[in-house]
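See structure below.
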2 protein chains.
Amino acid sequence: MARILIVEDEDRIAAFLAKGLSADGHQVSTVADGLAGLEEALSGAFDLMVLDIGLPTIDGFEVLDQLRAQGSRMPVVVLTARDSVHDTVSALEGGADDYLAKPFRFAELRARIHVRLRQQDRTDAEVGELRSGSVGLDLRTRRLRVDGRESDLSAREFALAEVLLRHPGQVLSRAQLLDLAWGMDFDPGSNVVDVYVGYLRKKLGSARVETVRGMGYRFQP
Amino acid sequence: MARILIVEDEDRIAAFLAKGLSADGHQVSTVADGLAGLEEALSGAFDLMVLDIGLPTIDGFEVLDQLRAQGSRMPVVVLTARDSVHDTVSALEGGADDYLAKPFRFAELRARIHVRLRQQDRTDAEVGELRSGSVGLDLRTRRLRVDGRESDLSAREFALAEVLLRHPGQVLSRAQLLDLAWGMDFDPGSNVVDVYVGYLRKKLGSARVETVRGMGYRFQP
DNA sequence: TGTATCCATGAGAGCTCTCTCATGGACCCC
DNA sequence: GGGGTCCATGAGAGAGCTCTCATGGATACA
């Protein structure tokens, strides 16, 4: 499941795409003009954008340009009626990840969307960010983002946060946490884990780390 | 400049591609059959592959399949005479990053190749390891590897090491280092940089960070 | 309700990290 | 060689991090 933004002013096509992609299990939103599309894209609420070139207010090239200028790396699949090499090249060099000329087969669009989502997942998994709902952990800068607000983590807090986020919904015993976040395979005879869970809760929000009495702790996605 | 592998059995097309891509400054190799193409691709000597589907020995789908099965993530642009939705989808779902049907415009192929190389660069830059000769800096675990031996770095040492490794052979002034590794745009009036260069030298080996009298420091790759 | 167990948290010791400062050595130029 | 500038480095202050410990509250269960 991915969150897909469709920016397309022809209702018939937008509806067709929305229907098809929803049927694949994606969460789809549709917008009909360029400026609104850009805003939505920048909101961070989507994983991929399908972008038409001929749009009201500002055209697709401009949307793409602004999006990249703002630093967004959201995958963008450009979709247009103009089938010229010049446009294709412009879009691709302008930061699009793929380009399809109308008329196109839905199966092909779907396949191309899947490739971009797959790449994104791979990148996210390797680098970037560990996400769970409104919580994001930037593995590179070691910062935590919760509902848009960022905070710094100490080395140990980061290790613990990473372990919890990598096992969402799963109960982890103190021994497991000591092993995974501290690298200890023995019981230090103290309550370090409890203390650090306490520290993390202050930054993450108390409700997100649930204590399972007698068992350990669980991160709530 | 990228190292591009062309796997194509039609000499005329292979030569045309090789010529065009070489003219763009890429280093191009051509192979005419599937098995040889797979071997070359797995050698790790290339940054991207342009792959024809109809090939002797084993076809392009099979090459792609084996390549991905071996864990390679090399970007692959599939190029074929068969213009069917079924083939397009098969190739894309099978691990291709892009698909063009012949006849195609060279400008479009070039643009699509550039997109894949750009993505790859981005990923390389973000993830993994920063390498320079026998020195490697793991951006994920923040450990330094020198001639096989590993050592831990403090946060500031890591920041400084990263800056130096990202500018191999380049003289960086104290002001530049303060800016890039400390985020300071002013002179703190102390010799922090000197001190941290000293710390790094202990872990990196003295010879690898050269001091350029009156100018700053330079990392020797 | 009473009791035992389990958990949350404030206080604080010890350590590491970061930075400053002072000193002495290295280097350059005349 | 002398004098001045630049750099390397040991010592140490202060801050933050990591962990321990003790206390009191929460929870489960008879």
Side-chain angles (χ1 to χ4, degrees), chain A residues 137 141-144 150-164 171-220, chain B residues 137 141-144 150-164 171-220:
Chain A
L137 185 65
T141 63
R142 310 205 154 198
R143 288 174 66 82
L144 182 72
E150 295 213 331
S151 53
D152 283 315
L153 297 178
S154 76
R156 193 66 79 198
E157 289 168 351
F158 174 81
L160 179 58
E162 183 176 359
V163 169
L164 290 172
V171 178
L172 295 165
S173 68
R174 287 173 176 73
Q176 281 177 297
L177 292 171
L178 278 168
D179 180 17
L180 296 170
W182 272 259
M184 286 183 179
D185 57 355
F186 57 95
D187 182 354
S190 79
N191 66 339
V192 219
V193 175
D194 301 45
V195 173
Y196 270 84
V197 166
Y199 293 160
L200 255 192
R201 279 178 172 152
K202 285 185 184 150
K203 301 184 175 179
L204 205 55
S206 292
R208 289 204 174 79
V209 184
E210 187 186 0
T211 114
V212 182
R213 201 180 163 79
M215 305 294 292
Y217 296 95
R218 166 167 48 198
F219 173 70
Q220 293 285 36
Chain B
L137 184 66
T141 62
R142 309 205 155 196
R143 288 174 66 83
L144 182 73
E150 294 213 331
S151 54
D152 284 315
L153 297 177
S154 77
R156 194 66 79 197
E157 288 168 350
F158 174 81
L160 179 59
E162 183 176 358
V163 170
L164 290 172
V171 178
L172 296 165
S173 69
R174 288 173 176 72
Q176 282 178 295
L177 291 171
L178 278 169
D179 180 17
L180 296 170
W182 272 259
M184 285 182 180
D185 59 354
F186 57 94
D187 182 354
S190 79
N191 66 340
V192 220
V193 175
D194 303 45
V195 173
Y196 271 86
V197 166
Y199 293 160
L200 254 192
R201 278 179 171 151
K202 285 185 184 151
K203 301 184 175 178
L204 206 54
S206 292
R208 290 205 174 77
V209 184
E210 187 187 0
T211 114
V212 182
R213 200 180 163 81
M215 304 295 291
Y217 297 95
R218 166 167 46 200
F219 173 70
Q220 293 284 36

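Scope of the values below: all heavy atoms of this structure, side chains included, with no hydrogens, waters or symmetry mates. A quick note: this is a predicted structure, and the numbers were derived from the prediction, not measured. Sequence lines set the chain letters: A, B, ... in the order given, protein chains first and strands last, and positions in each chain run from 1.
Among the nucleotides C/dC19, D/dT18, D/dA8, the one closest to any side-chain atom of B/T211 is D/dA8. Closest approach to the A/Y196 side chain among C/dC19, D/dC17, D/dC7 is made by D/dC17 (side chain taken as heavy atoms from C-beta onward). The listed nucleotides are C/dC28, C/dT5, C/dC19; the one nearest the side chain of B/V192 is C/dC19.
No side-chain heavy atom of A/T211 sits under 4.5 Å from any side-chain heavy atom of A/V197.
The interatomic distance linking A/D152 (CG) with C/dT18 (P) rounds to 13 Å, in whole Å. The nearest whole Å value for the distance from the CG atom in B/D194 to the C1' atom in C/dT18 is 15 Å. What separates CZ of A/R174 from P of D/dT20 is a distance of 14 Å, to the nearest Å. Atom CG of A/L200 is separated from atom P of D/dC17 by 13 Å (rounded to the nearest Å). Whole-Å rounding puts the A/R201 CZ to C/dC7 P distance at 10 Å. Rounded to an integer number of Å, the gap from CZ of A/R142 to C1' of C/dC17 is 15 Å. Rounded to a whole Å, the CG atom of B/L153 is 15 Å from the C1' atom of C/dT18. Between the CG atom of B/L177 and the C1' atom of D/dC7 there is a distance of 15 Å, given to the nearest Å.
When all heavy atoms of B/V192 and B/S190 are compared, the pair lying nearest together is CG2-OG, 2.9 Å. Nearest heavy atoms, B/R201 versus B/V209: NH2-O, 2.8 Å.
Within the 4.0 angstrom heavy-atom criterion, no nucleotide atom of any strand lies near B/F158. Residue-level contact check: A/R156 touches the backbone only, with heavy atoms under 4.0 Å from sugar-phosphate atoms and none from bases. Using a 4.0 Å heavy-atom criterion, one finds that B/V197 contacts no nucleic acid atom at all.
Heavy-atom nearest nucleotides on DNA chain D were determined for A/E157 and for A/N191, and the one closer to the 5' end corresponds to A/E157. With the nearest nucleotide of DNA chain C identified for both A/V212 and A/K202, A/V212 has the one nearer the 5' end.
Ion pair A/D152/A/K203 not flagged as a salt bridge, since none of the NZ, NE, NH1 or NH2 atoms sits closer than 4.0 Å to an Asp/Glu carboxylate oxygen.
For D/dT18, the OP1/OP2 oxygens have a side-chain nitrogen or oxygen of A/S154 closer than 4.0 Å. For C/dT5, neither phosphate oxygen OP1 nor OP2 lies less than 4.0 angstrom from any side-chain nitrogen or oxygen of A/R213. Note on A/W182: every side-chain N or O is 4.0 Å or more away from OP1 and OP2 of D/dT18. An OP1 or OP2 oxygen of D/dC6 is reached within less than 4.0 angstrom by no side-chain nitrogen or oxygen of B/Y217.
In this structure, CG on B/L177 lies 5.0 Å from CG on B/L172, to the nearest 0.5 angstrom. For the atom pair OH of A/Y199 and CG of A/L160, the computed distance is 12.0 Å after rounding to the nearest 0.5 Å.
Taking 3.5 Å as the limit, the base of D/dC19 and the side chain of A/Y199 contain a donor-acceptor pair of atoms between them.
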